[in-house]
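What follows is a single structure, written as structure tokens, with notes after it.
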Amino acid sequence: MSTTIDADLDRGLTGTERALLRALSDGRRRTVAELCAELAVARSSVVHALGRLRTAGVVVEHPSRPTARGRPARGWSLAASPGLLAVVVAAAHGFLAGVVRPDGEVLAAVHGTADVTTPAGALESLGQALAEAGVTRADVALAVLGLPGPSLFTRSPGAEPPGGSHLRRFRDWAGRSAPDVIGEFLDCPVFCENDANLAALGEAVYGGGAGAQTMLHVSLTHGTGAGLVIGGRLHRGGSRLAGEVGHLHVDDGGQLCECGARGCFWQTTSIPALLSELAVAHGRSFTVSDLDAAADSGELEIMRALRGFGRSLGRRVADFVVFVDPEAIIVDSTLGAASHVIADGIREAVAQYTPPQMAASVRISSGSLGASAHLKGAAALVRTEHLLDVSAV
């Protein structure tokens, strides 16, 4: 990371100074008023702390920017760039690689369809993303790796918490640890998170769920997963699978799931399963793009199938609503117009199977970030977990 702090200063930082550095570590400029509101700290304390950090050369003050009235506001930021984030998401369909600023701005995104059990595809996609962003590996401060299965997040980069074999094939690339492969390629710390969790956090912080204290994000394109965000941070749970509606039980005689249970919901109610059913019914292949186009044009048969899919999913989500009483449920928006129809179906089921007061209070809608949800979610992870906390360097 490019921002460092003298060791003697670091040992003498006050709580307010450390909080300021954590807030500014996303690279965005803030005014004193914005910092006071964000940190819930008195103005005098913030001004004093900024002055000390400026004297130490850690933060800088920027020229005034116009305001509607009163004294012009001056912005503050770190003296040196906190660096960029490299993001790699591995799922059944292939890789998504990107370069993101700590403030959530996506500089590049590359989709690859290579075998996700080998490192070649991930490194190729990541190299392309760096080239598209016009940066080098030396510009990357840290990497975030999104993988299916239980969340592997720890505060120590590269460390893996105890866990079973659920979807381990996505974490071992040709016999090597996926974080080790990415870390060696970039020569930087690597933090892991569940891929659906990244999308959830992206929508919660930057997208359709912004402002909600409790939000469930449902991922659909390549399976049926979900992420739960409470108070602006991921809730992973004791087994690190919190919120995964796809693993709700629906069939005693169903197929054995990779999670170790039998008859999980996602095996029969998923977008891939719906595409297969439509292909059989209509005698031709269907893709996600076909669903988007059909929903956009109002094709009645496809609309009915999508709404029915949403109601089936909503029946399970309704139980979650009763237990957690969330403020918002956001549906994966990578399906385009089809996501809105599915959200309508979920809303109908929640209205039918939950108490009226709960059904009326939860906001159910399609997300707003589309394919960038995972990439922005990585920036949100860095922000909420203070992974670029310069006071700890």
Side-chain angles (χ1 to χ4, degrees), residues 91-92 148 196 199-200 203 208 215-228 241-259 261-282 286-292 294-296 298-326 328-356 358-360 362-367:
E203 287 286 0
M215 186 208 80
L216 180 75
H217 178 268
V218 183
S219 299
L220 295 173
T221 305
H222 303 286
T224 306
L228 177 59
L241 280 169
E244 288 289 357
V245 295
H247 290 290
L248 290 171
H249 176 76
V250 294
D251 184 4
D252 289 347
Q255 299 178 18
L256 186 64
C257 179
E258 286 184 324
C259 74
R262 185 177 292 278
C264 287
F265 179 68
W266 75 270
Q267 293 173 322
T268 56
T269 306
S270 67
I271 292 299
L274 177 61
L275 293 174
S276 296
E277 291 175 352
L278 288 172
V280 172
H282 293 267
F286 273 82
T287 66
V288 169
S289 296
D290 293 330
L291 294 181
D292 179 19
D296 190 50
E299 191 173 334
L300 293 180
E301 291 183 7
I302 307 303
M303 293 276 285
R304 181 173 182 176
L306 288 170
R307 192 178 293 271
F309 177 91
R311 283 196 297 269
S312 295
L313 180 57
R315 177 64 188 89
R316 298 296 161 181
V317 170
D319 294 335
F320 171 85
V321 171
V322 172
F323 280 110
V324 181
D325 195 13
I329 296 171
I330 305 298
V331 179
D332 178 1
S333 58
T334 56
L335 302 175
S339 296
H340 296 284
V341 183
I342 292 172
D344 289 341
I346 293 175
R347 193 179 302 109
E348 291 172 4
V350 169
Q352 181 176 355
Y353 295 110
T354 65
M358 284 185 164
V362 61
R363 173 167 53 89
I364 302 173
S365 64
S366 175

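The structure presented is a predicted model; accordingly, all values stated were derived computationally and were not measured.
Contacts of D325 classified as side-chain contact (heavy atoms from CB on, under 4.5 Å), with partners at least two apart in sequence or in another chain: M358, S361. A search for side-chain contact (heavy atoms from CB on, under 4.5 Å) contacts involving T224 returns L220, V245, F265, W266, S270, L313, not counting sequence neighbours. Not counting sequence neighbours, Y353 has no partner by the ring pair (Phe, Tyr, Trp, His ring centres under 6.0 Å) test. In terms of the side-chain contact (heavy atoms from CB on, under 4.5 Å) criterion, residue partners of A261 (sequence neighbours excluded) are, by chain and number, C259, C264. With sequence neighbours excluded, the residues forming a ring pair (Phe, Tyr, Trp, His ring centres under 6.0 Å) with H282 are F286, listed by chain and number. Taking E299 as the reference, A294, S297, I302 meet the side-chain contact (heavy atoms from CB on, under 4.5 Å) condition, with sequence neighbours excluded. Legend: residues meeting side chain to side chain donor-acceptor pair (under 3.5 Å) with Q267, ordered by chain and number and at least two apart, are absent. Partners of R316 by salt bridge (Lys or Arg N to Asp or Glu O under 4.0 Å), not counting sequence neighbours: none found. Remark: D296 pairs with no residue by the salt bridge (Lys or Arg N to Asp or Glu O under 4.0 Å) rule, at least two apart or across chains.
Pairs engaging residues 329-339 under the side chain to side chain donor-acceptor pair (under 3.5 Å) rule: T221-D332, T221-T334, D332-T334 [sequence neighbours left out].
With a 4.5 Å cut-off on side-chain heavy atoms, V350 and I346 count as touching. You'll find the side chain of V218 reaches within 4.5 Å of the side chain of L216, heavy atoms only. Side-chain contact between T269 and L274 is absent, with no heavy atoms from C-beta onward closer than 4.5 Å. At least one side-chain heavy atom of S366 sits under 4.5 Å from a side-chain heavy atom of H340.
The CZ atom of R262 lies 10.0 Å from the CG atom of D252; values are rounded to the nearest 0.5 Å. Here the straight-line distance linking atom OG of S219 with atom CD of E203 works out to 9.5 Å at 0.5 Å rounding. For the atom pair NE2 (H217) and CG (L228), the distance works out to 12.5 Å, reported to the nearest 0.5 Å. For the atom pair I342 CD1 and R347 CZ, the distance stands at 12.5 Å (nearest 0.5 Å). Taken to the nearest 0.5 Å, the CD atom of E348 stands 6.5 Å off from the CG atom of D344. Note: F323 CZ to T354 OG1 = 13.0 Å, rounded to the nearest 0.5 Å.
Shortest non-hydrogen contact noted between A351 and A359 is CA-CB, 3.8 Å. The minimum heavy-atom distance between P355 and V322, with the atom names listed, is CD-CG2, 4.0 Å. Among all heavy-atom pairs drawn from R315 and D319, the shortest one is NH1-OD1, 3.3 Å. The two residues E244 and A196 have their closest heavy-atom pair at OE2-CB, 4.4 Å.
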For side-chain hydrogen bond (donor to acceptor under 3.5 Å, both in side chains), just list the numbers for S289 and D292, CA-CA rounded to whole Å, side-chain angles, deciding distance to a tenth of an Å, and then say yes or no. CA-CA 5 Å; S289 296; D292 179 19; over 6 Å; no

